[in-house]
Amino acid sequence: MVTTATPAETRVLLENISWQTFKTMLVEMGSERANRISYHQGNIEIMTPQKPHENANRLIEVFVGVLCEEFSLEVDRVGSLTLTRDDLEYGAEPDSGYYIQNELLVRGKENIDLAFDPPPDLVLEVEYSRPKIDKLKLYAAMGISEFWRYNGTSLRIYILTNGQYSETQISPTFAPIQITEIPRFIAESKKIGQMSATRAFRNWVKLALND
């Protein structure tokens, strides 16, 4: 018997698509769906997550919540909120988005309009497979100050400086915590369970903050 590994996600690229067609697709597909759509320079990426992808995404979201608690930071978790910029004709649905520094500016808002509201302060993309469009350029153009990418084994952190991302080892939001250690706790969760891994992560953060 041959066992085939289940992919963590699937990605489909549609080319030469107009911005208006993309906006129409968003309306017709609705919000009650599993896949996430991004638009950049005429290309649409449709990503459909599977269990490994969503497990990692949700667990990192829990860890971000722990970090905000331990740092006494308010956070507005906006998940895969559809982010569109009509002036740029760019659109994205990250795996997870967070308002932290600008949480107060969007607190209680039912709808986010990037023509008037700030973009999320932090977005996460889980990328077990290679993205079909350049997310670095897309999120930089949207002005998202911090971008995390998790590929199943490592977590890379990018900060926006003068309109471009540069990679860093320390998140400016959660310094001095070594955020790049998060994959270790994700791996551990597969052995001891997610709640136990979360408790271990919280203890690790507390120890780091008390050093």
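- Within a 6.0 Å sphere centred on CG of Asp113, heavy atoms belonging to other residues, nucleotides or ligands number more than 12.
- For Glu9 (side chain) and Tyr128 (main-chain N/O), a donor-acceptor pair under 3.5 Å exists by modelled atom type.
- Checking side-chain atoms of Glu188 against main-chain N and O of Ala197 turns up no donor-acceptor pair under 3.5 Å.
- A heavy-atom distance below 4.5 Å is found between the side chains of Leu136 and Arg149.
- We find that Glu127 and Arg36 are not joined by a salt bridge, their nearest charged nitrogen and carboxylate oxygen being 4.0 Å or further apart.
- Residues Thr82 and Leu26 form a side-chain contact, since some pair of their non-hydrogen atoms from C-beta on lies under 4.5 Å apart.
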### Message
Does Val106 form a side-chain contact (heavy atoms from CB on, under 4.5 Å) with Val78? I'd like the steps, not just the answer.
### Response
CA-CA 10 Å; Val106 298; Val78 293; over 6 Å; no
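- In this structure, Trp148 and Ile60 have side chains that are in contact, with non-hydrogen atoms separated by less than 4.5 Å.
- Contact record, Ile144 with Pro119: CG1-CB, 3.8 Å, taken as the closest heavy-atom pair.
- Between the side chain of Tyr39 and the main chain of Ile17, a donor-acceptor pair closer than 3.5 Å is present.
- One hydrophobic cluster, built from ILVMFWY side chains closer than 4.5 Å, cannot hold both Tyr90 and Ile44; they sit in different ones.
- Under a cut-off of 6.0 angstrom, the local environment of CZ in Arg107 is crowded, with over 12 non-hydrogen atoms contributed by other residues, nucleotides or ligands.
- A 4.5 Å side-chain heavy-atom check between Lys135 and Ser38 finds at least one atom pair inside the cut-off.
- Remark: the backbone N or O of Ser80 is not paired with any side-chain donor or acceptor of Glu93 at under 3.5 angstrom.
- Here the side chains of Met29 and Asn35 are in contact, with some heavy-atom distance below 4.5 Å.
- A donor-acceptor contact shorter than 3.5 Å is absent between the side chain of Asp95 and the backbone of Asn57.
- Side chain of Asp121 to backbone of Ile100: a donor-acceptor contact under 3.5 angstrom is found.
- Minimum interatomic distance between Ala140 and Tyr165 (heavy atoms only, all atoms of both residues): N-CE1, 3.3 Å.
- Contact between Trp204 and Gln178 at its shortest, heavy atoms only, is CH2-O, 3.2 Å.
- Side chain to side chain, Asp86 and Thr84 fail the donor-acceptor criterion of an N or O pair below 3.5 Å.
- Residues Phe201 and Leu155 share a hydrophobic cluster, clusters being chains of Ile/Leu/Val/Met/Phe/Trp/Tyr side chains in contact below 4.5 Å.
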### Task
Could you walk me through whether Leu14 and Met25 pass side-chain contact (heavy atoms from CB on, under 4.5 Å), step by step?
CA-CA 12 Å; Leu14 306 178; Met25 286 176 62; 4.2 Å; yes
Enumerate donor-acceptor pairs with a distance under 3.5 Å from any side-chain N or O in residues 63-72 to protein atoms, sequence neighbours excluded.
unit_1: Glu69; atom_1: OE1; unit_2: Arg202; atom_2: NH1; d: 3.2
unit_1: Glu69; atom_1: OE1; unit_2: Arg202; atom_2: NH2; d: 3.2
unit_1: Glu70; atom_1: OE2; unit_2: Arg202; atom_2: NH1; d: 2.7

### Message
Show, in sequence, the C-alpha distance, side-chain angles and deciding distance for Tyr150 and Ile186, and conclude whether the side-chain contact (heavy atoms from CB on, under 4.5 Å) test is met.
### Response
CA-CA 11 Å; Tyr150 175 68; Ile186 295 176; 3.7 Å; yes
### Task
Give the intermediate values and the outcome of side-chain contact (heavy atoms from CB on, under 4.5 Å) for residues Gln194 and Val62.
CA-CA 10 Å; Gln194 293 188 7; Val62 169; over 6 Å; no
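- A single hydrophobic cluster is not seen to contain both Ile46 and Tyr139; linkage of ILVMFWY side chains at heavy-atom distances under 4.5 Å, directly or through other members, places them apart.
- Taking CG of Leu124 as the start and CD1 of Ile157 as the end, the distance is 11.0 Å to the nearest 0.5 Å.
- Looking at Leu209 and Pro176, their side chains come closer than 4.5 Å, going by heavy atoms from C-beta outward.
- Across all their heavy atoms, Ala56 and Val126 have their closest contact at CB-CG1, 4.4 Å.
- Between Lys132 and Glu45 the shortest heavy-atom distance is N-OE2, 2.6 Å.
- Judged purely by atom type and a 3.5 angstrom limit, Tyr99 has no side-chain atom pairing as donor or acceptor with the backbone of Leu105.
- Put simply, the side chain of Leu104 does not reach to within 4.5 Å of the side chain of Glu74, judged on heavy atoms.
- Between Pro52 and Gln50, some side-chain heavy-atom pair lies under the 4.5 Å cut-off.
- Here the closest heavy-atom approach between residue Asn111 and residue Asp117 is recorded as O-OD2, 3.9 Å.
- Linking Ile, Leu, Val, Met, Phe, Trp and Tyr whenever their side-chain heavy atoms come within less than 4.5 Å puts Leu138 and Phe147 in one cluster.
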